[in-house]
Amino acid sequence: SRSIWRSAGAAPRRRPKSVSELEVVSLPNGQLSQNCYLVADRRTREAVIIDPGEEPAMFLAELDTRAWTLRAIWLTHAHVDHILGVGAVKRATGVPIHLHPRDRAIYDALPQFGSWLGREVEAAPPPDVDLAAGDRLRVGGLDFDVRFTPGHSPGSVSFVGHGMVF
């Protein structure tokens, strides 16, 4: 059933249906409290995962619970807390990994950075797609623009679309 809401002094009316097909689930995780995001098109039930950190089993369970089909891994940058789960998600789903090439050296050093957290970590699988400023990525019927936003890391990017920036 649809919820009923009131404006001040107005009669009750039905809440307007959202015009957005976008659904975002934030999944804080890991020792460094990193945010992983599942971004989905409600209509097609297709999703991407942004920055799969330290708890890939949680991310995969959430996808399963929502019955979403994962289509890609999008990485904003390659710091250890944002990529610890990339290998597990890639093994479980086979989806392509998207990363800006200026972060490749950091990405490839995952085992060394994992040791800083007291963990033995295997190398992450190689990225499948090199991101560049101006690229347009799609999940379901939703488009996101890639913006090159270096500073936090040499290859930091942001994904911009539908009133959101990741």
**Student:** For Leu110 and Glu122, work out which heavy atoms get closest and say how close.
**Tutor:**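 In terms of heavy atoms, the two residues are closest at CD2-O, 3.6 Å.
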**Student:** Tell me which pairs pass salt bridge (charged side-chain N to carboxylate O under 4.0 Å, His left out) where either residue lies in residues 109-121, with sequence neighbours left out.
**Tutor:**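 Those involving residues 109-121 are Glu54-Arg119.
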**Student:** Under 6.0 Å from the CZ atom of Arg45, do we count more than 12 heavy atoms belonging to anything else shown?
**Tutor:**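 Count over threshold, so yes.
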**Student:** Could you check if a side-chain atom of Leu22 sits within less than 4.5 angstrom of a side-chain atom of Phe144, using non-hydrogen atoms only?
**Tutor:**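 A side-chain contact under 4.5 Å exists here.
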**Student:** Start with the C-alpha gap between Glu21 and Arg42, add the side-chain angles, then the distance that decides, and say whether salt bridge (Lys or Arg N to Asp or Glu O under 4.0 Å) holds.
**Tutor:** CA-CA 5 Å; Glu21 296 296 336; Arg42 289 181 181 146; 6.0 Å; no
**Student:** When you measure from the side chain of Asp145 to the backbone of Arg136, do you find a donor-acceptor pair of N or O atoms at a distance under 3.5 Å?
**Tutor:**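 Looks like no, no N/O pair under 3.5 Å.
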**Student:** Applying salt bridge (charged side-chain N to carboxylate O under 4.0 Å, His left out), can you list everything that pairs with Glu62, at least two apart in sequence or on another chain?
**Tutor:**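 Listed in chain order: Arg66.
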**Student:** Please examine the side chains of Thr93 and Leu60, heavy atoms only from C-beta on, and report whether any two atoms are closer than 4.5 Å.
**Tutor:**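 Yes, side chains in contact.
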**Student:** Could you list the residues that satisfy side-chain contact (heavy atoms from CB on, under 4.5 Å) with Pro154, not counting sequence neighbours?
**Tutor:**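 Partners of Pro154 by the side-chain contact (heavy atoms from CB on, under 4.5 Å) criterion, ordered by chain and then number, come out as Arg102, Asp103, Ile106.
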**Student:** Is there a side-chain contact between Pro52 and Leu75 (heavy atoms, below 4.5 Å)?
**Tutor:**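 With C-beta onward as the side chain, the pair touches.
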**Student:** Run the side-chain hydrogen bond (donor to acceptor under 3.5 Å, both in side chains) test against Asp135 and tell me which residues pass, sequence neighbours left out.
**Tutor:**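 Result, side-chain hydrogen bond (donor to acceptor under 3.5 Å, both in side chains) vs Asp135: none returned.
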**Student:** If the condition is salt bridge (charged side-chain N to carboxylate O under 4.0 Å, His left out), which residues does Asp130 pass it with, not counting sequence neighbours?
**Tutor:**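 With sequence neighbours excluded, Asp130 shows a salt bridge (charged side-chain N to carboxylate O under 4.0 Å, His left out) to no residue whatsoever.
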**Student:** Same hydrophobic cluster for Val89 and Val129, using side-chain heavy-atom links shorter than 4.5 Å among ILVMFWY?
**Tutor:**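 No, Val89 and Val129 fall in different hydrophobic clusters.
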**Student:** Please name all residues satisfying ring pair (Phe, Tyr, Trp, His ring centres under 6.0 Å) with Phe159, sequence neighbours left out, ordered by chain then number.
**Tutor:**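 With sequence neighbours excluded, Phe159 shows a ring pair (Phe, Tyr, Trp, His ring centres under 6.0 Å) to Trp74, given in chain and number order.
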**Student:** Using residues 79-86 as the side-chain source, report each donor-acceptor pair under 3.5 Å to any protein atom, sequence neighbours left out, with the distance given to one decimal.
**Tutor:**
from  : atom 1 : to     : atom 2 : distance (Å)
His79 : ND1    : His77  : NE2    : 3.4
His79 : ND1    : His152 : NE2    : 3.2
His82 : ND1    : Asp51  : OD2    : 2.8

**Student:** Which pair of heavy atoms, one from Glu46 and one from Val139, lies closest together, and at what distance?
**Tutor:**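 Looking at all heavy atoms of both residues, the shortest contact is O-CG2, 3.4 Å.
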**Student:** Which residues pass the salt bridge (charged side-chain N to carboxylate O under 4.0 Å, His left out) test with Arg104, not counting sequence neighbours?
**Tutor:**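 Asp108.
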**Student:** Applying ring-ring contact (aromatic ring centres under 6.0 Å, His included), which residue pairs with at least one partner in residues 25-57 are found, sequence neighbours left out?
**Tutor:**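 Applying ring-ring contact (aromatic ring centres under 6.0 Å, His included) to every pair that reaches into residues 25-57, excluding sequence neighbours, yields Tyr37-Phe166.
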**Student:** Between Ile73 and His98, is the side chain to side chain contact (heavy atoms under 4.5 Å, CB included) condition met? List the steps.
**Tutor:** CA-CA 6 Å; Ile73 299 167; His98 295 66; 5.8 Å; no
**Student:** Atom SG in Cys36, atom CD1 in Ile50: separation rounded to 0.5 Å?
**Tutor:**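 So the SG of Cys36 and the CD1 of Ile50 are separated by 8.5 Å.
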**Student:** Should Leu38 and Leu63 count as side-chain neighbours, where that means a heavy-atom distance under 4.5 Å?
**Tutor:**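 The answer is yes; the side chains approach within 4.5 Å.
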**Student:** Treat each ILVMFWY residue as a node, draw an edge where side-chain heavy atoms are under 4.5 Å apart, and state whether Leu32 and Val121 are in one component.
**Tutor:**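 Result: yes, single cluster for both.
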**Student:** Indicate the atoms forming the closest heavy-atom contact of Ala40 with Ala47, along with that distance.
**Tutor:**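 So the minimum-distance heavy-atom pair works out to CB-CB, 3.9 Å.
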**Student:** Show every side-chain hydrogen bond (donor to acceptor under 3.5 Å, both in side chains) that has at least one partner inside residues 154-166, sequence neighbours left out.
**Tutor:**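 For residues 154-166, and leaving out neighbouring residues, the side-chain hydrogen bond (donor to acceptor under 3.5 Å, both in side chains) pairs sorted by first residue read Thr149-Ser158, Ser153-Ser156.
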**Student:** Answer whether the closest heavy-atom distance between the side chains of Glu23 and Val39 falls below 4.5 Å.
**Tutor:**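 Result no, sub-4.5 Å side-chain heavy-atom pair not found.
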**Student:** Could you tell me which non-hydrogen atom of Gly155 sits nearest to which non-hydrogen atom of Phe148, and how far apart they are?
**Tutor:**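 Minimum heavy-atom contact is CA-CE1, 4.0 Å.
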**Student:** If a pair satisfies ring-ring contact (aromatic ring centres under 6.0 Å, His included) and one of its residues is in residues 111-133, list it, with sequence neighbours excluded.
**Tutor:**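 Qualifying pairs, neighbours excluded: Phe113-Trp116.
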**Student:** With side chains defined as the heavy atoms from C-beta onward, is the minimum distance between Ile97 and Tyr107 less than 4.5 Å?
**Tutor:**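 Sidechains of Tyr107 and Ile97: in contact.
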**Student:** Excluding sequence neighbours, so at least two apart, what forms salt bridge (charged side-chain N to carboxylate O under 4.0 Å, His left out) with Asp41?
**Tutor:**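 Partners of Asp41 by the salt bridge (charged side-chain N to carboxylate O under 4.0 Å, His left out) criterion, ordered by chain and then number, come out as Arg43.
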**Student:** Measure the CE-CG distance between Met164 and Leu142 for me, rounded to the nearest 0.5 Å.
**Tutor:**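 These two atoms lie 11.5 Å from each other.
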**Student:** Side chain to side chain contact (heavy atoms under 4.5 Å, CB included) between Trp68 and Val48: does it pass, once the steps are laid out?
**Tutor:** CA-CA 9 Å; Trp68 288 346; Val48 296; over 6 Å; no
**Student:** Where do Ala78 and Leu99 come nearest, in terms of heavy atoms and distance?
**Tutor:**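 Minimum heavy-atom contact is CB-CD1, 4.2 Å.
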**Student:** With a 4.5 Å limit on heavy-atom distance, are the side chains of Leu131 and Leu137 in contact?
**Tutor:**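 Touching, per the 4.5 Å side-chain cut-off.
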